[in-house]
Amino acid sequence: MSVSFWFEQLGGMPTPRPPLEGRVEADVCVVGGGYTGLWTAYELRRTDPSLEVVVLEREVAGFGASGRNGGWVLGVVSGSRAGWIERGGREGALALERAIHATVDEVARVVEAEGIDCDFVKGGTLVVAQSELELDRLRAQHADDVALGLGEEDSVLLDGAALAGRVHIRGGVGGLFSPHCARVQPAKLVRGLAEGVERNGAAIYEQTPVLGIEPGRAWCSAGEVRARWIVRATEAYTANLPGLRRVLAPVNSAMIATEPLPAAAWQEIGWAGCETMLDGRRLYTYMQRTADGRIALGGRGVPYLYGSRTAREEAPPPETVEGLRRRLVDLFGEAADVGVAGAWQGVLGVSRTWRPSVGVDKARGLAWAGGYAGDGVAASNLAGRTLRDLLVGADTELTRLPWVGPPERAWEPEPLRYAGIHAVHKLMRAADRAEGRTGRPSRLGDVAATISGRGH
Ligand SMILES: Cc1cc2nc3c(=O)[nH]c(=O)nc-3n(C[C@H](O)[C@H](O)[C@H](O)COP(=O)(O)OP(=O)(O)OC[C@H]3O[C@@H](n4cnc5c(N)ncnc54)[C@H](O)[C@@H]3O)c2cc1C
């Protein structure tokens with residue numbers, strides 16, 4: 001069974017590469033074959049082809065979030081802007097923002113150079129407002145962009161007419177557009193990237209669950225890798241490694257893909273620019289128009305499983321699927337009332353502050369990157385290039401970005417972690433309901449955003 005419709009489109013889950021057996025010596029051992037691990041391996045080999053680089057993947061490359069996501073190559077690093085300013089100053093926050101904007105074109109460059117056929121289209125991204133309240137929030141976000149030093153080339157407020165020029169949203173009153181985003185078919189990207197990693201001389205072992213990591217060594221049931229550097233690139237699955245249960249919470253996101261919409265429906269909806277799209281709610285829905293004329297959209301399902309369990313291979317519950325389908329009609333009207341071709345879910349890694357981090361412990365030869373929350377497709381490329389510089393000992397603009405440093409603070413132990421994440425989810429849901437009813441901002445949503453550390 002495929003873990004996502006994206007893999008379904010590729011003909012199902014791929015035949016795994018052989019597992020690791022016996023002992024292998026390397027310079028760098030990367031644990032995890034998603035975007036983070038693969039970009040890191042790719043960048044290291046491109047920079048220094050004499051480095052022996054080995055990737056160990058529990059299932060197959062792309063099994064995790066990298067083969068299941070919404071396909072937004074988004075020029076955003078998660079976490080509240082206030083949090084980044086606190087961490088890196090205004091200059092550091094702006095440098096991080098510029099670096100992640102540039103990453104969208106960097107991904108495009110490699111996709112082109114490696115001939116990765118992944119439906120890449122850079123159409124930007126659009127947040128749509130269906131009420132004055134939602135539009136007010138976008139105005140505040142735009143003002144915040146300007147205050148940081150971003151310009152019209154980064155963030156454009158749209159009125160109802162300008163929005164309708166791009167896409168017809170039921171009751172759409174405006175939007176916020178940024179050019180810094182591309183759409184991809186995510187499984188095609190991760191599988192193509194894995195092939196690029198191998199072409200550039202790194203080895204990938206699949207069906208190889210790593211049981212433990214220590215300085216100089218990563219081991220599994222049938223073998224081990226001895227290396228100067230061990231890189232942890234296990235994102236939401238980090239919780240399964242000994243001693244790391246509270247580093248990143250595996251938070252769920254669920255998606256559906258529709259059957260292709262008829263040409264007449266697309267005429268009604270517009271959306272010719274293939275912008276990725278977000279609605280204006282607190283518990284938001286994210287969407288893309290696929291290369292073959294479907295809408296793939298996602299949102300939060302059952303938010304978190306007790307004890308940081310990560311198994312999300314079965315389809316999401318019927319009420320989650322139905323909720324997403326209804327949202328589609330709320331946004332696009334009857335034109336989008338078509339069948340659901342696939343439904344799936346996955347886990348994303350969320351740090352206690354909602355900020356990702358990239359780090360090395362030089363003395364022990366350990367490195368890691370992750371905690372991107374829902375914004376890891378582009379950020380994992382920036383992280384991979386940053387890890388490359390850190391591991392080869394280069395002092396660059398990337399290694400001075402404010403996300404480089406120790407991991408964010410740990411999550412609370414259970415049952416607090418479960419109670420906290422579910423409470424925030426319920427508050428957000430209640431805030432959306434209250435705001436839909438009254439048209440006024442709900443305090444509940446602000447409380448939830450503040451206690452989760454996610455920001456507004
Ligand atoms: C439904 C969904 C929608 C999303 N939409 C978007 C989006 O549109 N845009 C965006 O920017 N981000 C999105 N994200 C987040 C994004 O997909 C992730 O941030 C990104 O894929 C993280 O890549 P990664 O390589 O760090 O982690 P993963 O892709 O999760 O890779 C980790 C890998 O490590 C392997 N692994 C784990 N433990 C071990 C072990 N012990 N031994 C060996 N291997 C191990 C796993 O099998 C997995 O393949 C979404 C996530 C989900 C779940």
Side-chain angles (χ1 to χ4, degrees), residues 3-6 16 19-20 29-41 55-78 100 103-104 107 125 181-187 189-190 193-194 204-213 218-221 225 231-242 244 248 250-256 276-278 286-288 296-301 310 312-313 316 324 343-350 356 358 368-384:
V3 296
S4 67
F5 180 75
W6 305 124
L20 177 76
C29 172
V30 178
V31 180
Y35 299 135
T36 301
L38 295 171
W39 282 122
T40 305
V55 180
L56 304 180
E57 163 55 45
R58 193 181 82 172
E59 308 279 347
V60 292
F63 171 84
S66 300
R68 312 185 194 201
N69 63 74
W72 291 40
V73 187
L74 177 65
V76 164
V77 174
S78 69
I100 193 69
T103 299
V104 182
V107 173
T125 189
C181 190
R183 171 218 69 193
V184 290
Q185 205 280 26
L189 174 61
V190 73
L193 181 58
I204 303 176
Y205 296 94
E206 295 184 328
Q207 304 164 279
T208 303
V210 169
L211 302 175
I213 290 173
W219 68 95
C220 55
S221 60
V225 179
V231 179
R232 171 167 56 73
T234 44
E235 190 60 346
Y237 303 91
T238 302
N240 301 321
L241 285 167
L244 298 172
L248 297 173
V251 169
N252 174 256
S253 199
M255 293 199 68
I256 62 171
T276 60
M277 209 151 50
L278 193 70
Y286 52 92
M287 293 151 261
Q288 70 147 283
L297 85 165
R300 202 66 27 96
T310 52
R312 295 281 195 162
E313 277 59 78
L324 288 169
W344 69 99
Q345 54 184 335
V347 278
L348 34 98
V350 178
V358 181
W368 63 88
Y372 315 108
D375 302 323
V377 179
S380 55
N381 170 280
L382 183 60

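Keep in mind that the numbers below use all heavy atoms, side chains included, and drop hydrogens, waters and symmetry copies. Ligands are counted one by one from 1 in listed order, and the atoms in each one are counted from 1 as well. Everything quoted here is computed from the prediction, not taken from an experiment.
- Near G64, with a cut-off below 4.0 Å to any heavy atom, the atoms of ligand 1 are 29 (O), 30 (O), 48 (C), 49 (O).
- For atom 37 (C) of ligand 1, the nearest protein heavy atom (residue, atom name, distance) is Y237 CB, 3.3 Å.
- The shell of residues lying under 4.0 angstrom from ligand 1, judged by heavy atoms, includes G71.
- Taking a 4.0 Å cut-off on heavy atoms, N240 fails to register as neighbouring ligand 1.
- Atom numbering of ligand 1 starts at 1 in the shown order; those under 4.0 Å from a heavy atom of G346 are 53 (C).
- At least one heavy atom of T208 sits less than 4.0 Å from an atom of ligand 1.
- Counting heavy atoms under 4.0 Å from ligand 1, residue E57 touches it through both backbone and side chain.
- Residue R58 has at least one nitrogen or oxygen atom sitting less than 3.5 Å from a nitrogen or oxygen atom of ligand 1, judged on distance alone.
- Of the protein's non-hydrogen atoms, the one nearest atom 27 (O) of ligand 1 is E235 CB, 3.2 Å.
- Considering backbone and side-chain N/O atoms, S66 comes within less than 3.5 Å of an N/O atom of ligand 1.
- For Y286, the closest heavy-atom approach to ligand 1 falls below 4.0 Å.
- Within the 4.0 Å heavy-atom shell around ligand 1 one finds A233.
- Each of the atoms 9 (N), 10 (C), 11 (O), 12 (N) of ligand 1 lies under 4.0 Å from some heavy atom of V377.
- Under 4.0 Å from ligand 1, not a single heavy atom of V190 appears.
- Residue W72 touches ligand 1 through backbone and side chain together, judged by heavy-atom distances below 4.0 Å.
- Residue L74 does not touch ligand 1, judged by heavy-atom distances below 4.0 Å.
- Polar contact check, V210 against ligand 1: a nitrogen or oxygen pair lies under 3.5 Å apart.
- At a heavy-atom distance under 4.0 Å, no atom of T276 approaches ligand 1.
- Note on ligand 1: P209 sits in its first shell, one or more heavy atoms being nearer than 4.0 Å.
- The main-chain N or O of A236 is never found under 3.5 Å from a side-chain atom of T238 such that the two would form a donor-acceptor pair.
- Under a 4.0 Å criterion applied to the non-hydrogen atoms of F63, ligand 1 contributes the atoms 47 (O).
- In the vicinity of D375, heavy-atom distances shorter than 4.0 Å reach the ligand 1 atoms 10 (C), 11 (O), 12 (N).
- Under a 4.0 Å heavy-atom criterion, L241 is in contact with ligand 1.
- In this structure, A373 has a heavy atom closer than 4.0 Å to ligand 1.
- Listed by atom number, the atoms of ligand 1 under 4.0 Å from L348 heavy atoms are 51 (C), 52 (C).
- Not a single heavy atom of S380 sits closer than 4.0 Å to an atom of ligand 1.
- Residue G70 approaches ligand 1 through these ligand atoms, each under 4.0 Å from one of its heavy atoms: 3 (C), 4 (C), 5 (N), 6 (C), 7 (C), 8 (O).
- The single protein non-hydrogen atom nearest to atom 4 (C) of ligand 1 is N69 CB, 3.1 Å, given as residue, atom name and distance.
- The shortest N or O to N or O distance between V60 and ligand 1 is not below 3.5 Å.
- Within ligand 1, counting atoms from 1 as listed, the ones closer than 4.0 Å to a heavy atom of L56 are 43 (C), 44 (N).
- Note: W344 and F5 have parallel aromatic rings, judged against thresholds of 30 and 60 degrees for the angle between ring planes.
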